[in-house]
Amino acid sequence: MSYALPPAGLPSQSDKLTGTSIFTEAYAFMPAGVMRDIVTSFIPHWQGSRAWIIARPLSGFAETFSQYIMEVAPGGGSDQPESNPEAEAVLFVVEGQVELRNSAGKHTLDEGGYAYLPAGEGWTLHNRTDKKATFHWVRKRYEPADGIAAPEAFVTSDAAVAPIAMPDTNGAWATTRFVEPTDLRHDMHVNIVTFQPGGLIPFEETHVMEHGLYVIEGTAEYLLNRDWVSVGPGDFMWLRAFCPQACRATGDGPFRYLLYKDVNRHAKLPW
Ligand SMILES: NC(=O)N[C@H](N)C(=O)O
């Protein structure tokens with residue numbers, strides 16, 4: 001499996017714009033071409049590391065998650081990666097190898113490696129190799145549910161989990177589910193969605209859940225609200241609640257993306 005990366009660097013002065021970004025009230029589209037050195041951030045208590053912050057709540061508490069692409073140089077990492085004890089995390093490695101330590105011990109995550117870290121979990125992450133490592137870090141303030149225990153940490157990988165075909169699609173559309181949909185301890189899902197060539201979301205999905213979609217492989221036409229956008233490896237889409245969405249895979253190979261979704265909790269009331 002292959003996983004797209006930010007191009008970093010800067011386009012040459014003779015290049016025209018490398019991709020068209022879109023920002024609307026319903027969604028944002030950030031093509032891979034805009035993920036360059038000068039738009040990275042440094043994060044407190046991380047050494048030899050930088051982040052593309054590709055999603056964050058914009059309007060108070062109306063949105064639920066943030067997402068970073070973290071690049072960690074050889075020898076870099078953090079003994080204090082998360083300062084918010086209410087923040088749960090999913091890590092998904094797209095390049096190289098990282099060493100994760102948590103209450104269960106030491107884990108080596110290679111490309112396609114996946115970790116769920118519940119709120120309050122102590123963890124550290126380091127790149128002990130001589131090549132850079134890159135991973136996605138999805139953060140959400142965990143919302144406990146009365147009488148339901150908090151989830152436990154786990155480590156797995158893209159290759160270890162079999163994708164499940166969506167009903168009536170002959171496998172043209174499948175989801176790699178890292179958490180059972182009926183496991184109500186979890187209030188977010190970070191899954192991988194795969195379309196075979198020509199596969200479709202054949203209706204305008206419109207729902208209260210938000211999304212972050214990072215294209216890890218392949219190409220498609222993606223419907224975002226009223227706009228059909230051509231998407232490819234390394235592109236990111238941020239969808240607010242109720243943003244209509246559909247897609248049509250356009251390439252010769254699979255079209256795959258990492259998908260964040262908030263799930264399994266009451267809709268918030270203003271009182
Ligand atoms: N855009 C998407 O892939 N949406 C998913 N079908 C979902 O909401 O689960």
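Predicted model only: the values in this text are computed from it and were never measured. Start at 1 and go down the list; that is how both ligands and their atoms are numbered.
Tyr260 and Thr64 form a side-chain donor-acceptor contact under 3.5 Å, judged by distance and modelled atom types alone. Judged by distance alone, the side chains of Ser230 and Glu221 do bring a donor and an acceptor atom under 3.5 Å apart. Defined by atom type and a distance below 3.5 Å, a donor-acceptor pair is missing between the side-chain atoms of Asp235 and Tyr222.
Protein heavy atom closest to atom 3 (O) of ligand 1, with residue, atom name and distance, is Tyr257 OH, 2.5 Å. Closest to atom 1 (N) of ligand 1 among all protein heavy atoms lies Gln245 OE1, 2.7 Å.
The option with the heavy atom closest to atom 4 (N) of ligand 1, from among Met209, Met166, Lys261, Glu205, is Glu205.
Not one N or O of Trp173 is nearer than 3.5 Å to an N or O of ligand 1, by distance alone.
For the side-chain hydrogen bond (donor to acceptor under 3.5 Å, both in side chains) test with Glu99, the passing option among Arg128, His107, His126 is Arg128; the others fail.
Proximity to Tyr222 (heavy-atom distance under 4.0 Å) selects the following atoms of ligand 1: 1 (N), 2 (C), 3 (O).
Not a single heavy atom of Tyr260 sits under 4.0 Å from any atom of ligand 1. Within the structure, the closest approach of His207 to ligand 1 falls below 4.0 Å when heavy atoms are considered. Contact between Phe195 and ligand 1 is absent, with no heavy atom of the residue lying under 4.0 Å from the ligand.
Across all non-hydrogen atoms, the minimal contact from Phe178 to Phe154 is O-CZ, 3.5 Å. Of all heavy-atom pairs spanning Ala89 and Met188, the tightest one is C-CE, 4.0 Å.
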